[in-house]
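We name chains A, B, ... by the order of the sequence lines, and we start the count at 1 in each one. All values below were derived from every heavy atom in this structure, side-chain atoms included, with hydrogens, water molecules and symmetry-related copies excluded. All figures in this text were calculated on a predicted structure; none of them were measured in a lab.
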Amino acid sequence: MAAVVAIKVKFRFLLQVIGALSCLMLTFTGQAAVLEPDRADVLYHSYEGGGMTIDGPAVLLRKKASESVAVTAYYYLDTISSASVDVVSTASPYREERHEGQLGVEYLNDKTLMSLNLRKSDEDDYLAQSFSVNVSQDTFGDLTNLSLGFSYGDNEIKRNGDDNFEEQSEQYRVRAGINQILTSKLVANLSIEAVADKGYLNNPYRTVRFVDSSIPSGVGYQAEVYPETRNSFATKLSASYYLPYRAALLFHYRYFSDSWEIDASDIEIGYRHPIGDNIELEVKARYYQQSQAEFYSDLFPYQDAQNYLARDKELSDFDDITLGVGVTYLLPESLSIGDTRSEATLQWDYIDFNYNNFRDATADAGIGEEPLYGFSANVIRAFISIYF
Amino acid sequence: MVIKLIVKVALIISLISLSGCASFPPKPWVKPYERQFLADPIMRLARHPIANMHIAHVLEGRESARGAEGTGGGGCGCN
């Protein structure tokens, strides 16, 4: 209850912030802004860890139709093969595909940039559709950029093998941000975003386990039950600093809390270092931690132990560490086509997840005495960017 | 509570810095010709937008935190 009140207060606060930013956006004028350059990105991505393998391509296109209008198109494919610990303990491994498409249009009027984005994600048992509107404004001699945004999403959830199962959920997002040049070498950004969900928020396949001494195994399973609403609030501070030599230090910190009593924070630091005219090296380290949802338990004492039940490891108490390295090769003019400029990038992230109250139910041990679960994942992105 | 305070302080500073008040007229202190370092592509948080979108997608399915990613968000689109 306290968490719900706190989130409502934060929503009210966000509305006040939006009001203040809206006033500020109307206050200053100056030189007109310009749209981002045209570009095309083609990417191959791969994720492997915790019994899951996901890979596929993605394409991002951006083209100016005039000096004030630009259009974007994005396509993304996940090919998923899963035998994760949740699946192995209660169900069968599966394979599926997820297709995602986005279309966007940007309109620049003097210093005001307005954008509309439509998104659709489709897989066998989940259809997500959303739209997003954003407006941003350069002000104060272009030292400051203020932004506001709103998104609405509608989701249809199904369950493979059960034609009668069909549920829905909706999501609203409201966000605001300020990007501020602080010195000739330091720029910072503060973003806040509130997200409200309502409807069916469960994973329809996942179950919780409970102690059941009436059966030989000693453990019974029942479907998860989540609340039908979830409100959350996130605040993120980012900064980029140009070092005394040509290299950049990148930083962000985000704090998150929601009405399910999950508190989370993540901090990341990155370093980007060019070598010669054609190579950029990047390294990063990120730490994330969260507390568990109020209704989460690894092992409930009996069936229907409480109104809401979850044993989803993403709702447990855990932390993860990401170490990443990337290299970008800026193709020399002799290898470029016409007036275009091209880059080839390879990035590798290693993520290590440590769960503090989610146990590996597949381990050979007493119920509730299994070792705590943990896994690591390797994430690879290889992509080519062409500017034209 | 602390975050709320930080945001309020940041906004107050912004309001002061953006104020059109004649008695306290802070001017933009970094001139356009002094922004060559900031304009360097290595300074961009969104240097590789397609990679940022993938990172956000990888994390949103495995962590409970969401929002303020800077990539537009939109949910996992999966179960």
Return the [atom1] to [atom2] distance between [X] and [Y], rounded to the nearest 0.5 Å.
| X | Y | atom1 | atom2 | answer |
| --- | --- | --- | --- | --- |
| Arg62(B) | Met52(A) | CZ | CE | 6.0 Å |
| Asp263(A) | Ser64(B) | CG | OG | 11.0 Å |
| Met53(B) | Glu100(A) | CE | CD | 6.5 Å |
| Glu268(A) | Ile55(B) | CD | CD1 | 7.0 Å |
| Lys31(B) | Ser184(A) | NZ | OG | 13.0 Å |

How close do Met43(B) and Val187(A) get, counting heavy atoms only, and between which atoms?
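Distance-wise, the nearest heavy atoms are CE-CG1, 4.3 Å.
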Among Arg39(A), Arg381(A), Lys236(A), who wins on heavy-atom pairs under 4.5 Å with chain B?
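So the answer, after comparing Arg39(A), Arg381(A), Lys236(A), is Arg381(A).
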Heavy-atom check, side chain of [X] versus side chain of [Y], under 4.5 Å:
| X | Y | value |
| --- | --- | --- |
| Ser240(A) | Leu45(B) | yes |
| Pro41(B) | Glu343(A) | no |
| Tyr76(A) | Ile50(B) | no |
| Trp29(B) | Ile181(A) | no |
| Leu143(A) | Arg35(B) | yes |

Ionic contact status for [Y] with [X], cut-off 4.0 Å:
| X | Y | value |
| --- | --- | --- |
| Arg173(A) | Glu69(B) | yes |
| Glu282(A) | Arg47(B) | no |
| Arg66(B) | Asp197(A) | yes |

With chain A as the partner, which of Val30(B), Leu59(B), Ile42(B), Asp40(B) has the greatest number of non-hydrogen pairs under 4.5 Å?
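The candidate making the most pairs under 4.5 Å is Ile42(B).
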Would you say the ring centers of His54(B) and Phe383(A) fall short of 6.0 Å from each other?
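Between His54(B) and Phe383(A), the centre distance exceeds or equals 6.0 Å.
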